[in-house]
Amino acid sequence: MHSTDPVSGYHTYDQHQSTPPPSDQGRNTSRRVALAVCTVADVAAGFLLLWVLLHLLEANQANVFVEFVRETAGWLAWWSQDIFTMDTEGLRIILNYGLPAVIYLLIGHGIAARLNRA
């Protein structure tokens with residue numbers, strides 16, 4: 001006789017899995033949104049900090065990648081340009097691009113934490 005029982009230690013795949021309760025569906029959605037918010041904040045801060053690093057290491061400004069990072073960082077930090085106007089260019093870049101990076105991280109992760117608690 002042929003047995004259809006699974007081999008011991010293995011689980012069968014249930015093709016008719018029940019959907020989670022509505023409260024769990026909402027929680028999963030808010031966690032996904034929180035993850036997306038964190039990801040966007042991290043990517044924005046990453047571009048800003050990458051530009052600071054490339055500038056401090058005196059990367060070739062004519063390089064396409066460096067130009068892309070500089071333009072993206074400029075777009076992300078448009079609101080903080082020239083907050084600090086000291087003579088030392090490196091320190092000015094660190095502050096004018098580092099400040100928005102920190103703010104994006106704080107706001108993005110704060111919103112994500114709030115969404116995860118909901």
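Values reported hereafter were calculated over all heavy atoms of this structure, with side chains retained and with hydrogens, waters and symmetry mates removed.
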Problem set entry | Separation of Thr88 OG1 from Ile93 CD1 (nearest 0.5 Å) | 11.5 Å
Exercise. Can you get from Leu105 to Leu99 by hopping between Ile, Leu, Val, Met, Phe, Trp and Tyr side chains that sit under 4.5 Å apart?
Worked result: no
Problem set entry | Residues Trp75, Arg70; criterion side-chain contact (heavy atoms from CB on, under 4.5 Å); working and verdict | CA-CA 9 Å; Trp75 182 78; Arg70 179 178 46 94; over 6 Å; no
Exercise. In terms of hydrophobic clusters joined by side-chain contacts under 4.5 Å, are Ile103 and Val40 together?
Worked result: no
Problem set entry | By side chain to side chain contact (heavy atoms under 4.5 Å, CB included) - contacts of Arg92 (at least two apart) | Met86, Glu89, Asn96
Exercise. Can you get from Ile94 to Leu106 by hopping between Ile, Leu, Val, Met, Phe, Trp and Tyr side chains that sit under 4.5 Å apart?
Worked result: no
Exercise. Which is it for Ile83 and Ser80 under the side-chain contact (heavy atoms from CB on, under 4.5 Å) test, yes or no, and what are the steps along the way?
Worked result: CA-CA 6 Å; Ile83 287 178; Ser80 70; 3.7 Å; yes
Exercise. In the hydrophobic cluster built from side-chain contacts under 4.5 Å, what are the other members alongside Leu35?
Worked result: none
For this session: Please examine the side chains of Arg31 and Asn116, heavy atoms only from C-beta on, and report whether any two atoms are closer than 4.5 Å.
Result: yes
For this session: Grab the two heavy atoms, one from Cys38 and one from Ala112, that are nearest each other, plus how far apart they are.
Result: SG-CB, 3.3 Å
Which pairs of donor and acceptor atoms, one on a side chain in residues 44-69, lie under 3.5 Å apart (sequence neighbours left out)?
residue	atom	partner	partner atom	Å
Asn60	OD1	Ala62	N	3.0
Gln61	NE2	Ala59	O	3.4
Asn63	OD1	Phe65	N	2.7
Asn63	OD1	Val66	N	3.3

Problem set entry | For Glu71, side chain to side chain donor-acceptor pair (under 3.5 Å) partners two or more places apart | none
Exercise. ring-ring contact (aromatic ring centres under 6.0 Å, His included) with Phe84: which residues, sequence neighbours excluded?
Worked result: none
Exercise. Which residues satisfy the side chain to side chain donor-acceptor pair (under 3.5 Å) test with Trp79, sequence neighbours excluded?
Worked result: Tyr104
